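Order of the sequence lines sets the chain letters (A, B, ...), proteins ahead of strands, with each chain counted from 1. Nothing here was measured: the structure is a model prediction, and the numbers come from that model.
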Amino acid sequence: MIPMVDVYEKVIDLSRRRGFVWPSGEIYGSVAGFIDYGPLGAMMKRRIEDIWRDFYVVREGYYEIECPTIGIEPIYIASGHIKGFSDKMFQCPHCNEFFRADHVAEEYSIRNASSLSKHGLMRALTDQNCISCKKPLGEVEVFDFNLMFNTSIGPGGSRKGYLRPETAQGIFTDFGRLLRFYRDTLPFGTIQIGRSYRNEISPRQGMIRLREFTQAEAEIFVHPDQKDHPNFARYANYEMPLWGMDHQEGRLDPVVVPMSEAVESGLVANEYVAYYLALTHEFMLKIGVDKDKIRFRQHLPDERAHYAADCWDAEYFSSRFGWVEAVGIADRTDYDLEAHAKVSGEKMTVFIQYPEPRLEQKRTIVPKMGLLGPRFKTRAKEVGEKIAASHPRERGTYIILDEEEVFIERELFDLRDEEVLVRGEEVRPHVIEPSYGIDRLCYAVLEHSFYQDDVEGEVRTVLRLPPIVAPVKVAVFPLMTRDGLEEIARGITDAIKKEGILAEYDDSGAIGRRYRRQDEIGTPFAITVDYDSKEDGTVTLRERDSMQQIRLPIQDLPETIRKLIKGEMQFNKA
RNA sequence: GCAUCGAUGGUCUAGUGGUAUGACUUUGGCCUUCCAAGCCAAUAGCCCGGGUUCAAUUCCCGGUCGAUGCACCA
């Protein structure tokens with residue numbers, strides 16, 4: 001093994017050279033935060049997404065939907081992105097530097113700076129000096145900088161639109177239709193893979209922080225009182241490193257415990273969260289993230305959203321960036337559905353039938369509008385509604401009118417007590433949300449598969465991609481470009497392609513060079529046609545990682561390679 | 001966004017006020033019976049804009065991108 005100076009540099013260099021990833025729009029000078037996936041990168045990303053679909057759509061049964069990347073304003077008012085996703089900023093008139101207004105105000109010990117209005121912050125800053133150039137600020141303009149890209153819809157531009165900052169909102173706004181699709185039962189889940197956009201102030205970590213990125217999100221709607229996953233047994237004994245908040249605060253290492261124990265001890269809030277933690281771990285291993293460089297870190301109370309019952313990040317270790325968050329798994333409770341219910345006026349609930357209808361006492365308050373009208377005039381309707389929602393006592397009830405408590409005599413309303421048969425209740429589901437940053441995972445896979453071996457004094461660069469992730473599955477070489485070896489090799493290439501497996505024919509340069517070329521792009525297998533092939537119809541099959549070769553008949557190739565890629569067969573047993 | 005440093009073929013690099021060195025890669029040819037061999041040839045470059053100058057890849061200013069620190073973000 002050759003010591004790695006800076007793996008990041010080498011991985012990025014290889015990515016550019018061999019067509020995995022490069023900066024977007026280079027001929028006009030690139031802008032930070034945007035990348036292009038080249039021919040091999042796009043294919044590798046697609047494979048990773050397909051494996052993800054295998055886990056969530058095929059195995060879990062959560063169907064995929066596709067929503068627009070542009071959303072209208074009310075969506076993001078409800079989601080909180082209009083408010084919570086923006087920072088109040090200002091620019092120093094002298095040094096032109098931008099600052100967060102509330103942070104600077106805090107520097108000057110102004111209380112509650114983060115809750116001050118734009119105007120309030122402006123006034124607070126007027127008498128202060130710039131924290132950078134030290135000159136007096138004067139009346140600076142405090143403006144909102146929102147991390148969402150905005151646009152306008154239609155020729156008049158009358159409707160404001162935003163590029164979505166996450167794919168999740170599309171699933172939430174479709175809740176009603178999805179619920180009917182799943183025939184009004186809980187639990188159900190829906191997934192979406194797509195682009196999201198955040199106008200980061202200064203993205204500077206290559207593929208790690210992008211302004212346009214691909215998310216794969218699942219929104220799983222569960223009954224608030226039933227957070228036991230029906231298939232939890234699958235992962236009950238699954239073990240992986242969990243770094244709970246107590247351990248983080250006590251500066252202790254992550255613990256490795258079975259998921260069942262993690263739930264029982266309260267480390268993980270419930271089976272649903274635990275299930276997707278384990279599933280995520282399994283998924284990350286499958287796509288080629290290094291097992292020894294994964295941990296699951298629980299959000300500390302101050303970084304966790306106030307509504308979240310529990311939240312964990314799957315992190316991987318990068319030699320360049322340290323621990324990188326790649327997946328977030330949260331129990332978001334009913335926060336999102338409730339928020340959309342409030343703004344949209346839709347119910348966003350599920351009617352859950354009781355096993356047996358229940359006979360319940362029900363008290364209805366009926367205001368006597370005939371008496372309220374003359375007394376309260378135009379306010380009568382409002383008063384009536386408030387009476388109906390109040391809690392009457394024996395002599396009457398109290399309501400709040402114009403911030404004053406008003407007593408309403410018993411004569412002004414009727415009470416009807418009746419027995420009703422209640423067949424069920426409206427329940428607002430809780431949402432379990434695993435959210436994957438596909439680009440960050442792509443980088444993890446590239447960095448963790450990157451190896452430089454020493455082969456007889458020469459450096460051999462090899463991407464040890466799992467065969468299912470590798471863009472090209474098999475390379476076919478004629479040993480010599482003569483005596484009909486090419487024809488045999490081309491025939492083999494075609495036969496393998498017919499199986500739907502991507503094979504690449506290459507007869508350029510010395511055989512060793514061709515092996516190296518394929519090693520560098522992670523092609524797991526290589527077939528070489530030599531002179532014996534002409535005699536007995538066999539070829540050599542070489543495995544990328546071990547560089548071992550075996551001989552086998554040409555007609556067995558497509559089937560053997562298919563099994564090797566799927567992991568149904570080990571190379572040394574082929 | 002600010003400060004410091006940097007940017008030369010696909011990659012790594014030499015060098016310069018008068019259009020650029022070498023290596024690797026790639027392509028074609030020769031040679032070659034399994035891990036970047038050899039020979040011949042070809043392709044290909046001074047980040048962008050402005051200024052100074054007869055002339056700018058070189059000097060100056062601004063920008064973009066990258067690295068580092070701050071800020072921001074997770």
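Nucleotides B:rC34 and B:rC48 are separated by 48 Å at their C1' atoms, to the nearest Å. Annotation: B:rG69 and B:rA42 have their P atoms spaced 47 Å apart (nearest Å). Across B:rU64 and B:rG49, the matching P atoms stand 15 Å from one another, rounded to whole Å. Nucleotides B:rC47 and B:rC35 are separated by 39 Å at their C1' atoms, to the nearest Å. Nucleotides B:rA67 and B:rU58 are separated by 23 Å at their C1' atoms, to the nearest Å. The C1' atoms of B:rA14 and B:rU8 are separated by 10 Å, rounded to the nearest whole Å.
Just one of A:Y443, A:Y316, A:F317 meets the ring-ring contact (aromatic ring centres under 6.0 Å, His included) condition when paired with A:H448; it is A:Y316.
Regarding the sugar-base torsion, B:rU19 falls in the syn class, its angle being within 90° of 0.
The side chain of A:R482 sits closest to B:rU33 out of B:rU33, B:rC35, B:rC34.
The existence of a salt bridge linking A:R542 and A:D519 is confirmed by a sub-4.0 Å separation between a basic side-chain nitrogen and an acidic carboxylate oxygen.
Close to B:rC34, at under 4.0 Å from its OP1 or OP2, lies no side-chain N or O of A:R514.
Listed by residue number, the members of residues 433-440 of chain A with any heavy atom below 4.0 angstrom from RNA chain B form an empty set.
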Which atoms of nucleotides 24-27 of chain B (N or O only) lie under 3.5 Å from a protein N or O atom, and what are those distances?
unit_1: B:rU25; atom_1: OP1; unit_2: A:R513; atom_2: NH1; d: 2.7
unit_1: B:rU25; atom_1: OP1; unit_2: A:R513; atom_2: NH2; d: 3.2
unit_1: B:rU26; atom_1: OP1; unit_2: A:R517; atom_2: NH1; d: 2.3
unit_1: B:rU26; atom_1: OP2; unit_2: A:R513; atom_2: NH1; d: 3.2
unit_1: B:rU27; atom_1: OP2; unit_2: A:S508; atom_2: OG; d: 3.2

